[in-house]
2 protein chains.
Amino acid sequence: MLNGDMDQSPSTRDKLLTAARELFWTRGYSNVSLRDIAKSAGVDVALVSRYFGGKQGLFEATLAEIPTWEALVVDPDGVLAAAVASFAHPCDPGTDETNVFTMLLTNIIDPEMGGKIRCMVQRGLADPLARKLGGNRAEERAALLLAALFGMALMRKNFRLDALANKPQAETDAQIRHLAAAALEYGDV
Amino acid sequence: MLNGDMDQSPSTRDKLLTAARELFWTRGYSNVSLRDIAKSAGVDVALVSRYFGGKQGLFEATLAEIPTWEALVVDPDGVLAAAVASFAHPCDPGTDETNVFTMLLTNIIDPEMGGKIRCMVQRGLADPLARKLGGNRAEERAALLLAALFGMALMRKNFRLDALANKPQAETDAQIRHLAAAALEYGDV
DNA sequence: CAGAGTTGTCAACGACTGTTGACGCGTTCC
DNA sequence: GGAACGCGTCAACAGTCGTTGACAACTCTG
């Protein structure tokens, strides 16, 4: 009997996928072993190869879950507000840690997956964002905006600076908005 | 005969240290094996344990080389200019890749060294920077400045966005200065 | 010269990695 | 009933990892 779309108890495949996203996205591809994932999912290691063809296949399956990047780059007028919003509520509202920004940061360093992440950000994030922005120096403004967003994510989630981490949402929003607005104004005046 | 301070041909210890800095700082602690370093240095693997006590000791020896952090956080008036300068000419003017910012970015993710890096940045960079800045919201402005600097470093060196990478130095300086200035103005008016 | 101390070479260890194939169990289909 | 298939369990593989200790070659000291 095929599972259909009923959500009764998660299939083994889904258990693996959930555990893989949780671990890959927070610790990075090379820093997580298949046995870690299997143990977290309560499943045998060998099933990874069966369902996903291997470690790389499992990782790419977690990437396939990401909603279209265009969703992060919404209306051309409200890019700033959208950036702040997408930063706060990135993709999966589940665990606070498993969001797309964190995943990109954690895996860009990886010797095996860095190249893929790089392409994803350039072609799926920077380019469409520049297109939406339009006007003078669109590419540079888009790049600066991403620098501001990723920089803030880095300081909060990875470096965990006292001045930024664990602050009320409103304060964080104001900080991000301030830096992002400056990025978008680059080249004006 | 001890080597003294003569710089004739580098000792085995120095060969290891140089190769270790090159590799650890660009690829990250966990992504580099001692055999990689030994091969790059043209030296046997076992000598790492002899000279540095192990992998961790070798990594920490490369950190000990970093000049006082205070050098990155100079006079209180010219913090912005200093930040830009330290970003462009970070520490060791040797290889373009082996600078302190790149090293911090590459190793903050690491499961074993992340904690140490985090402490270094908080206590050695964010705190003294906030002290130098002074005034209202000093800690937050320092944190935003670091977010801007690290964000730019990330986009240029790791994500390698087309709009930022391989651009003339003057242009890069202007971009960094723009974003950093905005960070320092946070909370004003 | 004899001895001590330093320095480099080599083989091996236990632990961990991703991956594979054999095997047993249960359900489904003819 | 028997065959086919999906699904999970287990043991084992080849490879890499950091680390260790034995051994040889060398320099310096007495």
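Values below: every heavy atom of this structure, side chains too, minus hydrogens, waters and symmetry copies. Here is how names work: the chains are called A, B, and so on, in the same order as the sequence lines, proteins then strands, and each is numbered from 1.
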Using the side-chain heavy atoms of [X], tell me which of these nucleotides is nearest: [options].
X       : options                : result
B:Arg35 : C:dA12, C:dT20, D:dT20 : C:dA12
A:Ser49 : C:dT20, D:dT19, C:dT9  : C:dT20
B:Asp44 : D:dT9, D:dT19, C:dC10  : C:dC10
B:Leu47 : D:dT9, D:dG18, C:dT9   : C:dT9

Without decimals, in angstroms, what is the distance between [X] [atom1] and [N] [atom2]?
X        : N      : atom1 : atom2 : value
B:Leu34  : D:dT19 : CG    : C1'   : 9 Å
B:Asn31  : D:dT16 : CG    : P     : 16 Å
A:Phe59  : C:dT17 : CZ    : P     : 18 Å
B:Lys55  : D:dT16 : NZ    : P     : 15 Å
A:Leu16  : C:dT19 : CG    : P     : 13 Å
A:Tyr29  : C:dT17 : OH    : C1'   : 11 Å
A:Met113 : C:dG18 : CE    : P     : 12 Å
A:Lys15  : D:dC7  : NZ    : P     : 13 Å

### Task
Take atom CD of B:Glu139 as the centre, draw a 6.0 Å sphere, and report whether it contains more than 12 heavy atoms from other residues, nucleotides or ligands.
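Not more than 12 within 6.0 Å, no.
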Between the side chain of [X] and the main-chain N/O of [Y], is any donor-acceptor distance below 3.5 Å?
X        : Y        : answer
A:Arg141 : A:Gly134 : yes
B:Lys55  : B:Val48  : no
B:Asp36  : B:Val32  : no

#### Entry: Under-4.0 Å side-chain N/O to phosphate OP1/OP2 contact, A:Thr12 with D:dC7
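A:Thr12 to D:dC7 OP1/OP2: no side-chain N or O under 4.0 Å.
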### Message
At 4.0 Å (heavy atoms only), tell me whether B:Tyr51 reaches a base, stays on the sugar-phosphate, or touches nothing.
### Response
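It contacts sugar-phosphate atoms only.
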### Task
Select base, sugar-phosphate, or nothing to describe what A:Ser33 touches, counting heavy atoms under 4.0 Å on all strands.
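Answer is sugar-phosphate: A:Ser33 comes under 4.0 Å of backbone atoms only.
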### First of A:Gln56 and B:Arg50 reached from the 5' end of DNA chain C, by closest nucleotide
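Going by which nucleotide is closer to the 5' end, it is B:Arg50.
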### Query
Out of B:Phe52, B:Phe24, B:Trp25, which one pairs with B:Phe59 under the ring-ring contact (aromatic ring centres under 6.0 Å, His included) rule?
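When ring-ring contact (aromatic ring centres under 6.0 Å, His included) is applied between B:Phe59 and each of B:Phe52, B:Phe24, B:Trp25, only B:Phe24 qualifies.
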